There are 2 protein chains.
Amino acid sequence: MYDILFKHLEEKVSLTSGEKELVASFFTPKKLKRRQFLVVEGHVCKYLSFVTKGLLKAYNTDEKGNEHINQFTPEGWWTSDMNSFFRGEISFYSINAMEDSEVLVITSEDFENLTLQVPVMDRYFRLLFQNSLITKERRLISSHTHTAEEKYKHMVEKNPDLIRRVPQNLLASYLGLSPETLSRLKKNVM
Amino acid sequence: MYDILFKHLEEKVSLTSGEKELVASFFTPKKLKRRQFLVVEGHVCKYLSFVTKGLLKAYNTDEKGNEHINQFTPEGWWTSDMNSFFRGEISFYSINAMEDSEVLVITSEDFENLTLQVPVMDRYFRLLFQNSLITKERRLISSHTHTAEEKYKHMVEKNPDLIRRVPQNLLASYLGLSPETLSRLKKNVM
DNA sequence: AACAATACTTGATTTAGATCAATCGAATTT
DNA sequence: AAATTCGATTGATCTAAATCAAGTATTGTT
């Protein structure tokens with residue numbers, strides 16, 4: 001279960017076996033049944049979680065009751081409401097398992113201790129956040145400059161895997177489109 | 001000139017005077033006249049830059065020739081095309097001085113050496129990127145869930161300073177709106 | 001001061017995508 | 001297996017914001 005975490009860490013940094021042990025000691029495994037919540041909107045997000053199996057979604061609900069997907073998190077990726085986790089504020093997102101899933105979680109105090117005791121983890125997360133930032137920036141620009149169809153095509157190219165795993169209405173939400181629009185536009189694309 | 005950089009670093013991490021000297025040695029000061037380019041779209045972005053004076057904009061130009069502002073960078077903030085800087089790819093954005101400005105620049109090789117020689121800089125940038133990520137995420141959600149008017153109001157609340165410094169048409173572009181729409185909606189807000 | 005270039009406003013028109021509504025199919029649940 | 005929930009499609013209509021167009025105000029430049 002920790003193997004996939006280490007494999008991931010070692011793509012960005014090297015760890016001694018002593019460090020690995022220490023890292024592992026900070027995380028707790030957690031199983032989630034489909035539809036189970038890891039975080040509920042309005043509560044504080046206690047964990048930063050590394051998904052080792054399954055698929056989670058992070059989303060928020062607007063005044064009209066519409067869900068807006070912020071992120072899909074398959075195995076090998078991290079999820080959290082970062083604002084809540086790092087700043088102790090109330091969570092804006094809910095995080096929910098779309099499939100039976102397994103995660104490794106760490107609390108914010110432990111995260112702080114982890115980075116102090118294993119400084120290379122600062123480097124790891126620097127690199128991780130750096131890459132996420134590049135991706136988020138692209139999504140933001142795309143949301144301003146691309147048409148619905150271009151956004152979908154881009155998604156098909158970059159995340160063909162997700163397209164297969166995620167119901168179309170949630171994909172639409174992730175792209176900031178209505179389900180009807182996505183349904184219609186697919187005909188033009190193919 | 002380096003004072004503002006150190007002040008900024010020390011809001012997130014502590015540095016010995018030896019480390020400060022070392023850090024400083026990696027950066028080069030650069031002056032930019034109004035309208036001068038720091039990066040031109042299509043070239044590799046050689047520098048990560050810390051603005052010590054003035055105001056820069058990062059933007060890209062679409063097929064129709066419309067500019068889309070990605071970021072405004074006043075003094076005390078960092079700017080770069082991160083994808084280009086960290087991955088050596090061609091820059092998607094141009095970065096241009098909106099006022100006479102001064103920046104401290106570092107190349108990507110030097111950035112790598114800096115983090116290796118002063119590991120606490122990994123921590124600094126981890127924290128920096130972490131915060132940017134939270135902000136970018138919010139902007140992205142906002143672009144999906146908020147109306148033009150809400151986006152503008154939010155901006156007025158969060159960045160009243162920028163509103164005063166930046167021409168309205170560029171502000172519109174930053175928010176993903178046409179200049180006409182922003183002009184019209186201001187009347188309703190006040 | 002005169003000129004050009006930029007920025008802002010206002011009106012008329014268009015349009016991409018949302019919303020409303022109904023039907024059908026596929027998965028879950030009991 | 002029947003029942004219920006959930007997802008996808010299609011059509012009709014609506015709307016927020018874009019686009020097109022013209023005029024005015026504000027800067028910046030010689």
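All values derive from a computational prediction rather than experimental measurement. Order of the sequence lines fixes the chain letters, A, B, ..., with proteins taken first and strands second; residue numbering starts at 1 for each chain.
- Atom CD of B:Glu150 and atom P of D:dA17 are 9 Å apart (whole Å).
- When the C1' atom of D:dC6 is taken as reference, atom NZ of A:Lys57 falls 11 Å away, rounded to whole Å.
- Looking at which nucleotide of DNA chain D each of B:Pro179 and B:Arg34 is closest to, the 5′-most match is held by B:Pro179.
- Rounded to whole angstrom, the span from the CG atom of A:Leu177 across to the P atom of D:dA16 amounts to 18 Å.
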CA sep, side-chain torsions, deciding dist, call: A:Phe72, A:Tyr174, ring pair (Phe, Tyr, Trp, His ring centres under 6.0 Å): CA-CA 8 Å; A:Phe72 296 113; A:Tyr174 177 80; 5.3 Å; yes
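- Applying the 4.0 Å criterion to OP1 and OP2 of C:dT6, one finds that B:Gln168 has every side-chain N and O outside that range.
- Taking the six-membered ring where the residue is Trp, A:Phe85 and A:Phe111 present perpendicular rings, their angle passing 60° and hence far from 30°.
- Both B:Arg184 and B:Arg35 sit near DNA chain C, but only B:Arg35 has its closest nucleotide nearer the 5' end.
- Between A:Glu180 atom CD and D:dC14 atom P the separation is 16 Å, expressed in whole Å.
- One atom, CD of A:Glu67, and another, P of C:dA18, lie 17 Å apart when rounded to the nearest Å.
- Contact check, B:Asn169 against C:dT6: no side-chain N or O comes under 4.0 Å of OP1 or OP2.
- Computed from coordinates, the A:Lys151 NZ to C:dG17 P distance equals 7 Å when rounded to whole Å.
- Look at B:Ser183 and you'll find a side-chain N or O under 4.0 angstrom from OP1 or OP2 of C:dT9.
- OP1 or OP2 of C:dC8 has not a single side-chain nitrogen or oxygen of B:Lys186 nearer than 4.0 Å.
- Among the protein residues, A:Leu182 comes within range of no part of the nucleic acid, since none of its heavy atoms lies under 4.0 Å from any strand.
- Under 4.0 angstrom from either OP1 or OP2 of C:dG17 there lies no side-chain N or O belonging to A:Ser178.
- Electrostatic pairing of A:Lys20 and A:Glu10 counts as a salt bridge here, judged by a charged N lying under 4.0 Å from a carboxylate O.
- Residue A:Leu185 contributes atom CG, which lies 16 Å from atom P of D:dG11 at whole-angstrom precision.
- Looking at B:Glu75 and B:Lys7, no side-chain N of the basic residue comes within less than 4.0 Å of a carboxylate O on the acidic one, giving no salt bridge.
- Nearest-nucleotide positions on DNA chain D place A:Thr181 closer to the 5' end than the other of A:Thr181 and B:Lys64.
- Here C:dA16 presents its C1' atom at 13 Å from CG of A:Asn188, a figure rounded to the nearest Å.
- A salt bridge links B:Glu99 to B:Arg165: at least one charged side-chain nitrogen sits closer than 4.0 Å to a carboxylate oxygen.
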